[in-house]
Amino acid sequence: MKDSKKPTQLKLISEYNPAKIEPKWQKVWEKKQIYAAKDFGKNTSGISSVKHKKFYSLIEFPFPSGEGLHVGHIRSNVAMDIISRKRRMEGYNVLYPIGWDSFGLPTEQYAIKTGIHPTVVTRQNTKTFERQLRSIGFSFDWKRKVDTSDPLFYRWTQWMFLELFKHGVAYQKETEVWWCEALGTVLANEEVIDGKSERGNFPCVRRPLPQWMVAITRYAERLYNDLDLVSYPDVIKNQIRNWIGKSEGAEIQFEIAGNNKKFVKVFTTRPDTLFGVTYVVLAPENPLVSDLKDQIKNWKEVHDYKEKTKSKSELERTGTDKTKTGLVLEGVFATHPITKEKVPVWIADYVLNSYGTGAVMAVPSHDERDAEFAQKFNLPFRVVVEPITGEEKPNEEFRQSIVVIVINKKTNKVLTIDWGSLGGTIFIGGGIEKGEDVVKCAIREIKEETGYINIKHILTSEKIHHHYFAHSKKVARNIDATGLFFELENEEKTEIKLEENEKEKFTVQWKSYDEAETIVKDPLHSYLFKKFIRNKAYSGVGILTNSGVFSGKKSNSVDSAITKLAGGKMVTTYKLRDWVFSRQRYWGEPFPIVWVGKEAFNAASSIKKSAVAEAMPKEQVKRIRVITDKKLIDFGKTVTEYALPIPPQHLPLILPKVKSFAPKGDGQSALGTAASWVHIYFNIRSGETLGEKDFIAKQKKFEKTAFRNKNKKTAHVSFNPNDWFNAMRETDTMPNWAGSSWYYLRYVDPLNNKTFADKKNLNYWTPVDWYNGGMEHNTLHILYSRFWHKFLYDIGAVPTVEPYTKRTSHGVILAEDGTKMSKSVGNVINPDVMIKNYGADTLRMYQMFMGPFDQTIAWNSDSMSGVRRFIEKVWRMIDRVSVSEKDSEATEVIINQSIKKVSEDIESMGFNTAVSQLMILANHFEKLESISIDAYIVILKLLSPFAPHVTDELWEILKTKKLVKKSNDSIHETMWPDFDPKKITESTVTIVIQINGKHRGEIKMERGSDNETLIKTAFALPTIIEKLQGLVVKKTIAVKDRLVNIVV
RNA sequence: GCCCGGAUGGCGGAACCGGUAUACGCGCACGACUUAAAAUCGUGUCUCGAAAGGGAUGUGGGUUCGAUUCCCACUCCGGGCACCA
């Protein structure tokens, strides 16, 4: 480097130069294959039958974008690399693989723009990615690299789809799907946010299209319940549960009056409120609405509303306006299944057709939404649940009482009484006297407590069962309270006559509604305020009333009984919808499916045993398609087509070459433009496909041969014209989620060409022990993948119920300005630059040190220098390593503490504190004149997962200096250090002396000294004696090995 | 609206099960080395105060000998879901 005139020092090592040592070690590791995972399941020849303990650590495989890696992408990789390296040092056989999730829109859009084939783009991008990832020194087993767009990989994705198809899990459905004009494709619900595409933020509309669907909802229950089997953080489990949206309730039918064949089937989570139903509401799309067309007197309006809903659904998510709209179906009534009362039937777009049964029973008194709707349309309320407020206490005294809310309409204020310490601010309340009715009682109480006499009674509430403690009387009470709502007519008052002891205990105040709402804390009073003033429905539990035989029962105890009486059944419903599995894109896995006419389908179905028959589902899969090819005479007509499988022996079905990768524009992908690929001949027995030319050639050849062989007995025909039919290939491709749903299975046996992975390998390696990835993938990707895995489990293809034993997530790294890194803003931190300036080891460590792993955090290049300094400190330290040095107690303690802390922190992903502990250890060593070889080895080993290059270099130096014996091993092949639990604490401890909890002195004591000794020593301390002068010691608390607190 | 999570120096953050708040790093200041600078090393660095001592972990209350930690209410920030019956 620089010329130095300094006298030559006796330097044992040169300057730290990561640019030199990092590539060197990367090459050594690759050559020696020290990170190669060993398939003991399959290849037992190597190390006999030793059942090696395995560890499968997984990161989400990257999408190789054209922009290359940015530092945020590798946070997860570094973390799992550290864990993987530690596991290896603990003796595990570790599988830490990498691959490319290479199908997807950005590559395709780049291809559309440039005309370069996505395969070529992908090859270029993966090359960059691989170079970048290698330069960071990850301990990936590169030999197991997978690539979802490689036919050798997607062959198995197609195979799995065939299984989904065969088992009836994949089906066709004409669905209103999100159509994105700008992208020319259908998007999954999850890919559309507020009516805009997740990728690109383009507007999307609803449009009906026949689609491949995957019945993930069949697995909803298991996806929900099996979360108990895995170790994901509660945050993630919560999110997943939330997404699946399980709710238990009842399905109850309301017969259409005068039409005993038609029913409104509703789903409710509150069957206990059945007697409170005053109307029912259907989703506008509910088929029953059209069914009842003849009966509906205002059909035109109803039809208009239906249409409006359809167009509204395009905007509904963007609109913040959620005021309820709806329309009564005139002439239609539904019969209450128990009371036989006839209730009106409405349609409203707040009822979703896709959830539950697409219809609700409305209980305005006990449901917020129903209340809002009923208020707007003036529909009746019927109270069937009497609320319970407060908490039940033992030995309650029963009373009947009232609560009165009086408002002044002129001032918009409400009358309150402040009882001060006796019970805070409440409304007017009191006990009912013998023979008194509630209204009279209320009038009396108002007069007694406030003097007002001209008041008008407006409303009376249901009974409320309230539990409270009467502080004035020192008794627990259980009261049946009735709420009364009054308006003040004028301010005229009489004199308040109070008993002596009641005077000046309270003050009467008029408060604004908002003020009253916050200061009235009593649950009974607050409930009545919400009811009378805010018109809130009571949706809690309580005592049933007006509910026939169920009256008087606790509302949450009768769900099944009431459902049974109504002839309904208890059901579980989920928010989760089936997975839209079609994409109208080029750059995805082609479906191994052809579409044929009825004749071909029937012919195929009639064959019992054949390749095609074996891959066929029990239920036929068909679609109705509009002919969109203008060249065809039947343009615009609809045809019914049937799906036939291309059996597994013909896989992979390779993506054909096309001229342009842009979607065809009519809803078909670019594949639709490859006419000779799309329109083919299909053998309904073998599943062979032939293009027109080939087919004709084959036909001719057959005719010739048949003619020649006409007179021979051996006329064996390999070509049966009856088996060949015109067919059209599926032009949709699979979504990006398909490959990523199962890629982790391929890593265990990536080169297998007989099956997606050998059973033995699966048995040995799966499930994944630890999977770390982005928060954004915790719902969708994890859900899809778990579903896919469970399906494979059901067909006996994988040995475990769940794919991932443990899942964790890292926080996003933001740019230095605290915003998201983006190429367009130009705030992207490129790892290549960081490696050049600081070295990969520093980059890795800084990523771990910068803050809590699971937290979003902004990049700060300045802070990186601290990490670099630390590495250099450890580097230079080797000069002071000595074989003769013996560790002091303090050094021993800090070493053992560090082993413990670093080991535990890696496990809990507390990487920032692990690094900080390494720094503490290095700072300690820095103060020593010489460092024992054992101590130095410990810091190198602890550091090695974080900074693998520099530690291997230093390890090699130790070897050349003959300070360590084994000469062939990399430090990464050595054993992880253990700590001695006896040596993690020093023999003396500092005891803090406090007076009234304030730090007033310290004493050094033998560890484990008993409390008595501690106190004695503390009181003997001169400063303490001085401070305690003239004070009386009330109490002394001693905590072993920690403190003495003297209370005065 | 509902469900999670969070708030600590100038900055990123640490603190076990309630027991010395501010570890570690950045930055800053001063010093050593140097003709000088960089690098490196050392010292200091919550705040008021000369000191004794007081005050600080978003705000207000509570429990406790003792609270960043537990409880209640509130404010703000982040994430997820969102007319889910």
Side-chain angles (χ1 to χ4, degrees), chain A residues 2 6 15 194 233-243 245-247 249-250 266-270 273 280-281 283 316-317 322-324 348-352 354-363 367-370 372-373 518 521 539 573-577 775-776 778-779 809 811-812 845-846 849-852 854-867 869-870 872-873 876 901 904 910 912-923 926 990-1002 1027 1034-1048:
Chain A
K2 283 174 243 163
K6 268 189 263 174
E15 230 172 284
D194 290 337
D234 286 341
V235 213
I236 299 179
K237 285 193 183 182
N238 254 335
Q239 246 177 59
I240 298 173
R241 290 209 171 101
N242 214 325
W243 187 270
K246 180 177 179 168
S247 64
V266 302
F267 171 71
T268 177
T269 53
R270 292 294 302 273
T273 62
V280 295
V281 191
E316 106 194 300
R317 278 156 203 249
K322 277 178 181 168
T323 52
K324 294 201 168 32
D349 64 5
Y350 81 90
V351 178
L352 307 174
S354 49
Y355 180 76
T357 57
V360 299
M361 60 179 220
V363 186
D367 182 277
E368 294 280 336
R369 281 161 317 204
D370 296 343
E372 197 195 316
F373 192 80
T518 50
K521 296 260 161 53
S539 54
T573 312
Y574 301 91
K575 283 198 262 184
L576 187 73
R577 307 288 149 80
M775 307 270 186
E776 70 277 16
N778 285 342
T779 40
S809 280
V812 176
M845 271 195 104
Y846 171 63
F849 183 60
M850 62 193 297
D854 58 358
Q855 200 172 293
T856 303
I857 197 160
W859 189 265
N860 182 356
S861 296
D862 285 345
S863 295
M864 281 185 81
S865 53
V867 177
R869 271 178 215 149
F870 159 77
E872 285 180 14
K873 200 181 276 180
R876 271 183 272 111
K901 177 93 178 131
E904 288 171 358
N912 54 335
T913 47
V915 173
S916 122
Q917 184 63 38
L918 288 167
M919 288 171 168
I920 292 169
L921 183 61
N923 290 347
E926 194 70 357
T990 307
I991 304 292
V992 171
I993 315 297
Q994 295 179 332
I995 296 173
N996 284 347
K998 297 244 149 71
H999 187 218
R1000 286 292 179 269
E1002 285 171 6
K1027 293 210 165 81
K1034 284 186 196 145
K1035 198 172 169 185
T1036 308
I1037 293 115
V1039 182
K1040 206 172 178 183
D1041 295 340
R1042 288 210 191 264
L1043 58 69
V1044 175
N1045 189 12
I1046 302 160
V1047 186
V1048 291

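Reminder, nothing fancy here: chain letters follow the sequence lines and each chain counts from 1. Side-chain atoms are counted along with the backbone in the values below, which use heavy atoms only and exclude waters and symmetry mates. Here the structure is a predicted model, which is why all the values come from computation and not from measurement.
At B:U20, none of the side-chain N or O atoms of A:K998 fall inside 4.0 Å of OP1 or OP2 (strictly under the cut-off). For B:G80, the OP1/OP2 oxygens have no side-chain nitrogen or oxygen of A:K237 closer than 4.0 Å. In this model, the phosphate group of B:G79 is not approached by any side-chain N or O of A:Q855 to a distance below 4.0 Å at OP1 or OP2. Checking the phosphate oxygens (OP1, OP2) of B:C41, no side-chain nitrogen or oxygen of A:R869 falls inside 4.0 Å. Between A:S247 and the phosphate of B:A85, there is a side-chain N or O to OP1/OP2 separation shorter than 4.0 Å.
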task = Determine, stepwise, if the pair A:W859 / A:I857 fulfils side chain to side chain contact (heavy atoms under 4.5 Å, CB included).
result = CA-CA 7 Å; A:W859 189 265; A:I857 197 160; over 6 Å; no

request  = Determine, step by step, whether A:Y355 and A:V360 satisfy the side chain to side chain contact (heavy atoms under 4.5 Å, CB included) criterion, reporting the C-alpha distance in whole Å, the side-chain angles of both residues, the deciding distance to 0.1 Å, and the verdict.
outcome  = CA-CA 10 Å; A:Y355 180 76; A:V360 299; over 6 Å; no

task = List the steps and the verdict of side chain to side chain contact (heavy atoms under 4.5 Å, CB included) for A:I993 and A:L1043.
result = CA-CA 6 Å; A:I993 315 297; A:L1043 58 69; over 6 Å; no

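Comparing B:U68 with B:A21, their P atoms sit 9 Å apart, to the nearest whole Å. Taking the P atoms as reference points, B:G27 lies 15 Å from B:G12, given to the whole Å. Here, B:U47 and B:G10 have their C1' atoms 13 Å apart, quoted to the whole Å. B:G42 and B:C24 have their P atoms separated by 13 Å, with the value rounded to a whole Å. B:C46 and B:G25 have their P atoms separated by 15 Å, given to the nearest Å.
Within 4.0 Å (heavy atoms only), A:I1037 reaches at least one base atom of the nucleic acid. The residue A:V1047 sits close only to the backbone: its heavy atoms come under 4.0 Å of sugar-phosphate atoms, none of a base. Within 4.0 Å of A:D370, counting heavy atoms only, lies no atom of the nucleic acid at all. Within 4.0 Å (heavy atoms only), A:V235 reaches sugar-phosphate atoms of the nucleic acid but no base atom. Looking at heavy-atom distances under 4.0 Å, A:N912 makes contact with sugar-phosphate atoms alone, never a base. Within the nucleic acid shown, A:V363 has no heavy atom closer than 4.0 Å to any nucleic acid atom. Within the 4.0 angstrom heavy-atom criterion, no nucleotide atom of any strand lies near A:K1034. Contacts of A:I857 with the nucleic acid, taken as non-hydrogen atoms under 4.0 Å apart, involve only primed sugar atoms and P, OP1 or OP2. Within 4.0 Å (heavy atoms only), A:Q917 reaches no atom of the nucleic acid at all.
In this structure, the nucleotide among B:G13, B:A85, B:G19 sitting nearest to the side chain of A:Y355 is B:A85. Here the nucleotide nearest the side chain of A:V992, chosen from B:U20, B:C26, B:A85, is B:U20. Taking the side chain of A:F849 as heavy atoms from C-beta on, and the options B:G25, B:A85, B:G19, the nearest nucleotide is B:G25. Side-chain proximity of A:N242 to B:A85, B:A14, B:C81: nearest is B:C81. For A:R1000, whose side chain is taken as the heavy atoms from C-beta onward, the closest listed nucleotide among B:A85, B:G53, B:G12 is B:G53. Nearest to the side chain of A:R1042, among B:C16, B:C83, B:G12, sits B:C16. Side-chain proximity of A:Q239 to the nucleotides B:G19, B:G80, B:C24 is greatest for B:G80. When each of B:C26, B:A85, B:C41 is scored by its nearest atom to the side-chain atoms of A:R876, the top-ranked nucleotide is B:C41. Listed nucleotides: B:C81, B:A14, B:C24. Nearest to the side chain of A:K575: B:C81.
In this structure, A:K1035 and A:K873 both approach RNA chain B, and ranking their closest nucleotides by distance from the 5' end singles out A:K873. Heavy-atom nearest nucleotides on RNA chain B were determined for A:M361 and for A:T990, and the one closer to the 5' end corresponds to A:T990.
To the nearest 0.5 Å, the span separating CG on A:N860 from CE on A:M850 amounts to 8.0 Å.
As the counterpart of B:A73, B:U59 is assigned, both hydrogen-bonding distances of the Watson-Crick or G-U wobble pattern falling under 3.5 Å. For B:C2, the paired base is B:G80 (Watson-Crick or G-U wobble, both distances below 3.5 Å). Look at B:G19: its Watson-Crick or wobble partner, with both distances under 3.5 angstrom, is B:C65. Both distances falling under 3.5 Å, in either a Watson-Crick or a G-U wobble arrangement, place B:C30 opposite B:G42. Across all strands shown, the partner of B:G12 is B:C24, judged by Watson-Crick or G-U wobble contacts whose two distances both fall under 3.5 Å.
A cation-pi arrangement is absent between A:K324 and A:F373, since the terminal nitrogen or guanidinium carbon is not both under 6.0 Å from the aromatic centre and inside a 45° cone about the axis.
Going from atom CG of A:N996 over to atom P of B:G54 covers 10 Å, rounded to whole Å. Rounded to whole Å, atom P of B:C26 lies 11 Å from atom CG of A:N860. Note: CD1 (A:I236) to C1' (B:G5) measures 13 Å, nearest angstrom. Nucleotide B:A85 holds its P atom 10 Å from the CG atom of A:L352, rounded to whole Å. When the C1' atom of B:C81 is taken as reference, atom NZ of A:K246 falls 18 Å away, rounded to whole Å. When the C1' atom of B:G54 is taken as reference, atom NE2 of A:H999 falls 16 Å away, rounded to whole Å. Separating the CH2 atom of A:W243 from the C1' atom of B:C4 is a distance of 16 Å, rounded to the nearest angstrom. A:M845 places its CE atom 13 Å from the P atom of B:C26, with the value rounded to the nearest Å.
A donor-acceptor pair shorter than 3.5 Å cannot be found between the side chains of A:K1035 and A:N1045.
With its glycosidic angle within 90° of 0, B:C17 is assigned syn. Within 90° of 0 lies the glycosidic angle of B:G9, which makes this nucleotide syn.
The two residues A:L352 and A:A283 make their nearest non-hydrogen contact at C-CB, 3.8 Å.
With hydrogens and angles ignored, the 3.5 Å screen pairs no side-chain donor or acceptor of A:N778 with any backbone N or O of A:I240.
A donor N or O paired with an acceptor N or O is found under 3.5 Å between the base of B:C83 and the side-chain atoms of A:K324. Contact annotation: side chain of A:N1045 to base of B:C65, donor-acceptor pair present below 3.5 Å.
Using a 4.5 Å heavy-atom threshold, the side chains of A:E372 and A:Y350 count as separate.
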